[in-house]
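First the structure, in the form of structure tokens, and then the observations on it.
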There are 4 protein chains.
Amino acid sequence: MRQKTGDKHSAILQAAVQVFADQGFAEAKVAWIARVAGVATGSVYNYFESKEDLLHSIFRDMWSRILEALSELAAQEEIPSAERLERMVDAVFDRFSADSNLARVFVNEQSFWMHKWEGDLSDLFQRFMDLLEQTLHDAGLKPGMDPRIQRYLVFGAVRQLIHQWADPKCPFSRDAAHSQILLLLRSLTTAG
Amino acid sequence: MRQKTGDKHSAILQAAVQVFADQGFAEAKVAWIARVAGVATGSVYNYFESKEDLLHSIFRDMWSRILEALSELAAQEEIPSAERLERMVDAVFDRFSADSNLARVFVNEQSFWMHKWEGDLSDLFQRFMDLLEQTLHDAGLKPGMDPRIQRYLVFGAVRQLIHQWADPKCPFSRDAAHSQILLLLRSLTTAG
Amino acid sequence: MRQKTGDKHSAILQAAVQVFADQGFAEAKVAWIARVAGVATGSVYNYFESKEDLLHSIFRDMWSRILEALSELAAQEEIPSAERLERMVDAVFDRFSADSNLARVFVNEQSFWMHKWEGDLSDLFQRFMDLLEQTLHDAGLKPGMDPRIQRYLVFGAVRQLIHQWADPKCPFSRDAAHSQILLLLRSLTTAG
Amino acid sequence: MRQKTGDKHSAILQAAVQVFADQGFAEAKVAWIARVAGVATGSVYNYFESKEDLLHSIFRDMWSRILEALSELAAQEEIPSAERLERMVDAVFDRFSADSNLARVFVNEQSFWMHKWEGDLSDLFQRFMDLLEQTLHDAGLKPGMDPRIQRYLVFGAVRQLIHQWADPKCPFSRDAAHSQILLLLRSLTTAG
DNA sequence: CATGAATGAGAATTCATTCAT
DNA sequence: AATGAATGAATTCTCATTCAT
């Protein structure tokens, strides 16, 4: 049963997510990713430029999907802005809940590589942060709060919860994490 | 050319912080750290077991100092608990404000390595998180908020601010960052 | 310049024998072995675990072949036992006469490494010594001689002749060496 | 209690014998030899040129002492030549029985280094072999036996017994080894 | 496109030796 | 002579990447 071309591309990506999550990018071996994906080592290079490109693709896909979801949300003006904020966070949460390996890659590698790569990926992330800022602003932050800075606080808080949740030894449930982040969001807005 | 004077141990550690910050741990070369420290390559191994031990020592020193400062704070019962919380965050902030290279190492490497090392270092970090939880509890979180989870939100928020602040292109001042994190803390407590 | 043809496994082994013979195991460089074998340094590690594994493989092959020859001999019960003993020694002699580099590796490294490795290789050597003991016993040692000990004397004597013979400056011929060892064997047996 | 100068020299030599026996020359660390000898690393170089010189000194002392003993023996013309041969072997045996670490160094390193060093040490060994040849000749080898070659057989046989005996797992006693080598010697001479 | 053996640049680490004290 | 921290050359082994098939 031959795999279709498209399958191989994503099989490799998925394998890379798993191996990067387990070993970290630096320790991950391309040959091992290929093994996990069920292809030959050389085949990886038929689909990706390099090991680094693999990570880059993972991040690009990840942020593209997240942005796509968030852009839809942002367009739905009938939703109250406070609820839009919560739904944004939900969307991010959902993305990582669905794939704890991706969550671990995000947590471990994003800081370093997003800083190192100065290209399209930073733009994607920037758009995400801008959306978050706008939404925070619309939701009505408490007096004195600067959405340009608060967005980082919110992002950092969510990132850390994802970090904990992606750990198999995490003592609290996804739902508990989720409700606590909502409480934080509400306390930041005048409504809270 | 044999260097005898000076504290090589610290010189190497400091050089390592700088090089790890610039290149990332994986890309950092021991020979380059030695060069920066002004010692021979082999001398690094007179003071540290391995490149990884270098990073471990950096983290141990970092968390030891932070914990020391926080332990003092925690003991000062005459300070109102809400203020203690703010001072705790100040202490962490101060530690990294004083050394932006250390901040970058913290931001880029902590997640991965703290998970990989399961030893004394995790304990140190755990004690930090426990202190944070206790202080949040004492400060009086809003109804429904679980200090076991909120501590991660607070830690993540602070971590992210440090991340931004350590970036030379960061558009806001350390003071602005600081006042915004205080606003967040206050909004989490009933007082806010 | 990518070499595809030929048996790299053997080429590397053969090169290793030569280089180990010339430089000694400790002084031999893997890169040099690769050069002699006409392959890239890294290719050595496609076929062998380590430099030590290279030596181990040399010894395993050597003893396997010798044991194979001796086992055949031992099975031929129609040959008088005294002659079997001589033929055994011949077989060992032939093996090393055919490859003086192998002889030098045997002479220089066997004592140390056979003691250091406690695994399958020792078993192989043990079987060789047991065969020798049995053959000495069958050939009829002189009164008072213990085959459990005499086998070491015989082995040591043969080993030393190989040692001398493998030296380019050796003043006597292979045949002279051979006839002298036969005289010794005969003097050990009642027939002598 | 300060050590006298002479003590340090021999303390280092003795430590070197032990460490070379345990680890092999190549794996032995000068720093460890110094530790065992109870001196500083640098002190080794006050008494010896190099690590290799240490081994060289060990061999020179060893062969000097052996030759000294054998020369005495050779001079005692009142002793029957057959007995002189046996006493020669005894002397060699005694030397190594008294120091099993020295025996192991002899067994493991002599072949390689004696070949590598082409100087005074080879001469010493040569004189030993010449004495052995002369003694074998005097003792009266069986017809057809060439003392130029038989001396190697005898040397190799004795060397191998020393090898076995120096192994802690050796199943036979020193005395058994000794009596078996005497039986071999006797069978080589017409008297046997 | 698929394969996986071959490549070789690169880096952490070791350790014999030196030398300032 | 004694010390032991400092040195840096040297080497094994790794692994991302290539390319002949």
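Given the structure is predicted, the values throughout are model-derived calculations rather than measurements. Chain naming here is simple, since letters A, B, ... match the order of the sequence lines and numbering starts at 1 in each.
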Inset, instruction - Apply the side-chain hydrogen bond (donor to acceptor under 3.5 Å, both in side chains) test between B:W113 and each candidate in B:Q110, B:E109, B:H115; give the one that qualifies. - result: B:E109
Inset, instruction - Walk me through it: do B:H163 and B:F106 pass the test ring pair (Phe, Tyr, Trp, His ring centres under 6.0 Å)? - result: CA-CA 9 Å; B:H163 184 180; B:F106 164 63; 9.8 Å; no
Inset, instruction - Calculate the interatomic distance between C:Y47 atom OH and F:dT12 atom P; express it in whole Å. - result: 20 Å
Legend entry - A:D7 CG - E:dA2 C1' separation (whole Å): 15 Å
Pairs under 3.5 angstrom only: tabulate donor-acceptor contacts from the side chains of residues 10-37 of chain C to other protein residues two or more places apart or in another chain.
unit_1	atom_1	unit_2	atom_2	d
C:S10	OG	C:D7	OD2	2.8
C:K29	NZ	C:E27	O	3.1

Inset, instruction - Using the P atom as the reference point in each nucleotide, state the distance between F:dT21 and E:dC1 in Å, no decimals. - result: 22 Å
Legend entry - D:D123 side, atom CG; D:W117 side, atom CH2 - distance, nearest 0.5 Å: 14.0 Å
Inset, instruction - Find the runs of at least 3 consecutive base pairs, i with j, i+1 with j-1 and so on, that include DNA chain F, using Watson-Crick or G-U wobble geometry with both distances under 3.5 Å. - result: E:2-21 with F:2-21
Legend entry - Rounded distance in Å - CG (C:N46) to P (E:dG8): 13 Å
Legend entry - Residues forming a salt bridge (Lys or Arg N to Asp or Glu O under 4.0 Å) with D:D167, sequence neighbours excluded: D:K169
Inset, instruction - Check the distance between F:dG4's C1' and D:I33's CD1 and give it to me in whole angstrom. - result: 16 Å
Inset, instruction - Before giving the answer on side chain to side chain contact (heavy atoms under 4.5 Å, CB included), spell out for D:D120 and D:H56 the whole-Å C-alpha distance, their side-chain angles and the decisive distance to 0.1 Å. - result: CA-CA 10 Å; D:D120 53 337; D:H56 195 273; 3.6 Å; yes
Nucleotide N/O to protein N/O under 3.5 Å, stretch nucleotides 10-14 of chain E:
unit_1	atom_1	unit_2	atom_2	d
E:dA11	OP1	B:K29	NZ	3.4
E:dA12	OP1	B:A28	O	3.2
E:dA12	OP2	B:V30	N	3.3
E:dT13	OP2	B:Y45	OH	2.7
E:dT13	OP2	B:K51	N	3.1

Inset, instruction - Could you check how far CD1 of B:I12 sits from C1' of F:dA5, rounded to whole Å? - result: 11 Å
Legend entry - Side chains of D:M62 and D:F96 in contact at under 4.5 Å (non-hydrogen atoms): yes
Legend entry - Atom pair distance, as rounded to whole Å: CZ in A:F48 and C1' in F:dA16: 16 Å
Inset, instruction - Write out all pairs satisfying salt bridge (charged side-chain N to carboxylate O under 4.0 Å, His left out) with one or both partners inside residues 51-63 of chain B, taking only residues at least two apart or from two chains. - result: none
Inset, instruction - Could you check B:S57 against B:H9 for side chain to side chain contact (heavy atoms under 4.5 Å, CB included), going step by step and ending with a plain yes or no? - result: CA-CA 11 Å; B:S57 298; B:H9 184 92; 5.9 Å; no
Inset, instruction - Might you point out which heavy atoms bring A:S100 and A:A166 nearest each other, and give the distance in Å? - result: O-CB, 4.0 Å
Legend entry - Strand-adjacent residues in residues 54-61 of chain B, judged by heavy atoms under 4.0 Å from DNA chain E: none
Inset, instruction - Assign each of C:A40 and B:S43 to its nearest nucleotide of DNA chain E by heavy atoms, then name whichever residue's nucleotide is nearer the 5' end. - result: C:A40
Inset, instruction - May I have the distance from B:K8 (atom NZ) to F:dG4 (atom P), rounded to whole angstrom? - result: 16 Å
Legend entry - Protein-nucleotide distance (A:W32, atom CH2; F:dT14, atom P), rounded to Å: 16 Å
Inset, instruction - Check the pair A:L55, A:V105 against side chain to side chain contact (heavy atoms under 4.5 Å, CB included), reporting the backbone distance first and the verdict last. - result: CA-CA 9 Å; A:L55 186 62; A:V105 175; 3.8 Å; yes
